[in-house]
Amino acid sequence: MKLKKMVTSLLLISAFTTTSAFAQSSPGVVKDDLYQKAVQKEVENFVKKAYTPYYTINSIQLSTSDYSVKDNRLTARVNISLNKTLKAKSVDELPYVKGLKSKLNVLKLRKDSSSTDAEQVVNDRMKDLQEYIGTSTDQNDSFRITAPIVNGSPDLKNANLEFLNGLVDWIPADYFIPSNESGMIANGEEFVTEAVTTNKSFLVKSPAETSLVQPLAAVTYDRIAARDYANKWTSNTTNASGYDTSKWNPNYAKHTENGGVDCANYVSQAIYAGGIPTDSTWKPESLAWVNTGRNISNGLKQYMVDTKGYFYKTTKATTPAGGFISALKYSHVMFVVANDTVTMQFSAHTNDRLKASFANFSASDYEFYYIKSTYLK
């Protein structure tokens with residue numbers, strides 16, 4: 001009986017102590033929870049407003065990291081994962097395609113000699129875009145919000161909202177908002193113009209290339225296979241290192257030195273998965289394979305564009321899945337995994353990104369490359 005009373009007393013003391021401790025920490029915990037929910041809701045509303053004209057948002061999940069409150073100022077990174085579907089029921093409803101067809105019609109009415117070539121590239125582009133109609137796509141992005149604490153609550157009306165673009169570029173969140181319809185139409189018109197002028201040799205297929213008979217030794221690039229590889233072998237981690245090597249292909253070396261320098265290694269793997277063959281210059285662990293080419297003259301960009309001529313320089317609006325992005329202010333490359341004409345998405349290593357959107361930011365900070373039609377499967 002004494003033992004039973006002793007146990008009961010200890011349990012009561014333990015319960016009282018735990019309750020007291022919880023009561024002491026509870027206000028701060030509750031306040032932080034409320035703050036985080038408030039900033040998450042702010043980001044959610046921003047994204048939904050930005051995407052409503054073009055997408056149906058099927059699901060959306062948010063989390064907070066790098067959260068702190070200091071000197072009455074809140075800072076938090078809000079990570080968002082969503083699933084979306086274009087509202088367009090056919091490619092013809094896409095503003096970009098309206099631009100393609102508008103420019104093509106102008107060339108036809110003028111009986112321009114380039115109208116036949118223009119019609120070919122327009123039809124090819126529309127065929128590429130068909131995969132996005134009626135298909136839901138995942139997307140993962142990060143925002144950073146900074147807000148003053150006023151009267152015990154975040155002052156979201158005076159908050160600063162930024163968007164993580166590429167590797168380390170926190171840019172004004174407004175750049176996340178898709179172009180308006182007139183801008184997308186202009187992009188489509190520009191694509192046709194460039195396709196029959198400066199990029200004609202890259203986009204317009206010769207009669208031999210459009211025939212069913214292809215040389216057995218021809219190099220062919222399957223951009224969808226490359227895209228699927230890129231999405232398979234990376235992560236959406238938000239940990240401190242910025243990468244999760246358990247999600248990387250174990251058959252390749254992992255370059256995590258100097259805080260992580262695996263971006264070109266990863267893009268090379270995706271391009272190889274698409275069908276571009278290796279040789280003595282471009283192979284796993286070679287300089288051309290693991291270096292972007294931004295700070296040296298014989299890296300990935302030089303090999304793919306200048307030496308072999310597999311890829312050509314183009315624009316963000318005209319780079320489909322299977323192309324790659326090269327940063328100009330620092331050494332970094334990313335692989336394009338989607339471009340439905342409203343949103344471009346990329347996947348990358350160091351920092352790991354999976355199906356992240358690429359914002360409408362300064363074109364002078366990035367270059368875009370896509371496979372020449374000669375090699376496209």
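Side-chain atoms are counted along with the backbone in the values below, which use heavy atoms only and exclude waters and symmetry mates.
- Evaluated for a side chain to side chain contact (heavy atoms under 4.5 Å, CB included) with Tyr229, the options Ile224, Ile271, Asn249 yield exactly one hit, Asn249.
- Close placement of the Phe176 and Phe143 rings is indicated, their centers lying within 6.0 Å of each other.
- With salt bridges taken as basic N to acidic carboxylate O contacts below 4.0 Å, one links Glu44 and Lys48.
- Under the 4.0 Å criterion applied to side-chain N and carboxylate O atoms, Glu131 and Arg223 are assigned as salt-bridge partners.
- Here Asp66 does not pair with Arg144 in a salt bridge; the nearest charged N to carboxylate O distance is not below 4.0 Å.
- A search for salt bridge (charged side-chain N to carboxylate O under 4.0 Å, His left out) contacts involving Lys377 returns Asp222, not counting sequence neighbours.
- When atom types are taken as modelled, the side chain of Ser268 and the backbone of Trp289 share a donor-acceptor pair closer than 3.5 angstrom.
- Salt bridge Lys329/Asp169: absent, no basic N to carboxylate O contact under 4.0 Å.
- Judged by the 6.0 Å distance and 45° axis criteria, Lys84 is positioned over the aromatic ring of Tyr55.
- A salt bridge does not link Asp92 with Lys98: none of the charged nitrogens is closer than 4.0 Å to a carboxylate oxygen.
- Remark: side-chain polar atoms of Asp112 are paired, donor with acceptor, to backbone N or O of Ser114 under 3.5 angstrom.
- The backbone N or O of Leu287 sits nowhere less than 3.5 Å from a side-chain atom of Asn291 that would complete a donor-acceptor pair.
- Residues Trp233 and Trp248 form no side-chain contact, since every pair of their non-hydrogen atoms from C-beta on lies 4.5 Å or further apart.
- Between Tyr221 and Tyr375, a ring centre-to-centre spacing not shorter than 6.0 Å is recorded.
- Note: Tyr370 and Phe324 fail the aromatic proximity criterion, with ring centroids not under 6.0 Å apart.
- Centroid-to-centroid, the aromatic rings of Phe202 and Tyr312 come within less than 6.0 Å.
- Residues Arg353 and Phe346 meet the side-chain proximity criterion, which asks for heavy atoms closer than 4.5 Å.
- His255 places none of its side-chain heavy atoms less than 4.5 Å from the side chain of Thr350.
- Classification of Glu189 and Lys103 as a salt-bridged pair fails, no side-chain N sitting under 4.0 Å from a carboxylate O.
- Here the side chains of Ser326 and Arg294 are in contact, with some heavy-atom distance below 4.5 Å.
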Check your understanding: Can you list the steps and then say if Val267 with Leu300 is a side chain to side chain contact (heavy atoms under 4.5 Å, CB included)?
Key -> CA-CA 9 Å; Val267 170; Leu300 176 64; 3.7 Å; yes

